[in-house]
A.B. asks: 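I have a structure here, written as structure tokens, and I will follow up with some questions on it.
Basis for what follows: all heavy atoms, side chains included, without hydrogens, waters or symmetry-related copies.
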Amino acid sequence: MEECISVFDMLKIGVGPSSSHTLGPWRAAERFLSELRNENLLPVVNRVKIDLYGSLSLTGKGHATDLAVMLGLSGQDPEYIPVENIDAIIKSIETKNEINLGNEKPIPFYFLQDIVFNKNFLPFHANGMTFTAYMTDDSEYVSTFYSIGGGFVVKEERINAKKKTQIKYAFPYPIEKAAELLDFCKKENKSISEIVYENEKSMRTDAVIDHELMRIWKTMLECMYIGCHSEGILPGGLNVRRRAFDMHQNLIGLANYDSPQTWLEEIRKTEVKFRQILKWVSCFALAVNEVNAALGRVVTAPTNGSAGVIPAVLMYYLVIENHNAGEKEIKQFLMVAGEIGSIFKKGSTISAAMGGCQAEIGVSSSMAAAALCELMGGTPEQVLMAAEIAMEHHLGLTCDPIGGLVQIPCIERNTMGAIKAINAAELALETDPKNAKVPLDKVVDTMWQTAKDMNNKYKETSEGGLAIAVNMADC
């Protein structure tokens, strides 16, 4: 299926801990409310039930899926809700046994009864959910959604597919595969980021594109800043201690700053030997995913579980590689990353419930490697090679979260994905593309085949790997 995927589809602002298990169900609840409004049914609803299936059921508690659907049904927007208000909203629903549907119609709601965790899988996708509204006349309205990764939500009939295809054909450079992207770069003598920018301009003004790209970066930077300045134990029961705080203190010492931007500038003054570089990159990635694990605001890039890789690598470039870099390079980086992510989404998957962690950390590392390579002067051929190298060395990576939480091994995996991305970019820069043996499209295909061959217990079910080797009691 051909579809248009914008940079802003691949890089979305939302709330942790999971794009497929938190952000997706949240957006599905919003869409369900829209359907009720469109059918003029909202005023006559007197009860709502949510059935969660497959991976959403098996790891939904650890991923706050139940909280996400309640927040979505309450009319809250994950992009703008003050995260400090989340606990109070949930507590109010649970203590009053009432939900304010769409923030306009209070109805009885018993979350232990009205959110049902079904271990069976729906056939269309591993992340299925069905919303049922019961009316005052005893009629029902039922709608089923699937969270397919990265916060993307679809229905089986794919109502939006035609619309997306039409937008795609409005693109001056419609792209499904990496080979097509490279052909456009050669034909137009443009970089990958320039091709992406032209496509984005077919949907938005220059001012909107620039503003939104910088809003994404500022959210990433703020997330790293918050993570590096927050200490304590992460919620969920694993008693995972935040590490970014201590690592950051050891690296920066008594530096003087009062905002994320002045913090960035202070980091530029620190020592940058190899060990310090490894620690800084790891610290940035840890910080983001600790914020994510605590239901903080992050940028889905391309998922929440892998949200730390791209900001960590971009921050590395800004504070270590190029102290003169600014908005131009930031926007360039994000556009390249978004395009590589879209190629993986169209040709494979970005859902761990479908493909294991190769679909999340692997894709994010590939996105970051490509983006860094272009900033470091790589040709389009080298940029695609960097993306290929990064994914090649994540193939087969399983998703086995302990306790169904996006904490172990997820948080540390972001540090590994970021380091691999930097290494992949450097390898590509030192390689003549004529000598490359594996094109990016072949790796995308291989990743999808690997996903299909992978045992389901390694696909975000917490039924295999570390999830059963280490249990909650061990922690």
A.B. asks: Using a cut-off of 6.0 Å, state whether more than 12 heavy atoms not belonging to Met416 lie near its atom CE.
C.D. replies: no
A.B. asks: Working note: Arg204 + Ser6, criterion side chain to side chain donor-acceptor pair (under 3.5 Å); need CA distance, chi angles, decisive distance, verdict.
C.D. replies: CA-CA 10 Å; Arg204 301 171 178 87; Ser6 164; 3.3 Å; yes
A.B. asks: Does this structure show an ion pair linking Arg241 with Glu290, if we count only N-O contacts that are shorter than 4.0 Å?
C.D. replies: no
A.B. asks: May I ask you to say whether Glu79 pairs ionically with Arg215, meaning some side-chain N is under 4.0 Å from a carboxylate O?
C.D. replies: yes
A.B. asks: Can you list the residues that meet the side chain to side chain contact (heavy atoms under 4.5 Å, CB included) rule with Ala359, with sequence neighbours excluded?
C.D. replies: Thr349, Met447
A.B. asks: Which residues pass the ring pair (Phe, Tyr, Trp, His ring centres under 6.0 Å) test with Tyr225, not counting sequence neighbours?
C.D. replies: His229, Trp263
A.B. asks: Tell me whether the guanidinium CZ or amine NZ of Lys49 lies under 6.0 angstrom from the six-membered ring centre of Tyr110 and within 45° of its axis.
C.D. replies: no
A.B. asks: Salt bridge check: are Lys346 and Asp441 linked by an N-O gap of less than 4.0 Å?
C.D. replies: no
A.B. asks: Do we get Lys155 above Tyr146's six-membered ring, with its NZ or CZ under 6.0 Å from the centre and within 45° of the axis?
C.D. replies: no
A.B. asks: Under 4.0 Å between a Lys/Arg side-chain N and an Asp/Glu carboxylate O for Arg27 and Asp77?
C.D. replies: yes
A.B. asks: When you check the gap from the basic side-chain N to the acidic O, do Glu180 and Lys177 get nearer than 4.0 Å?
C.D. replies: no
A.B. asks: At their closest point, which heavy atom of Lys331 faces which heavy atom of Met214, and how far apart are they?
C.D. replies: CG-SD, 4.1 Å
A.B. asks: Within the side chain of Glu360, is there an N or O that forms a donor-acceptor pair under 3.5 Å with the backbone of Ala352?
C.D. replies: yes
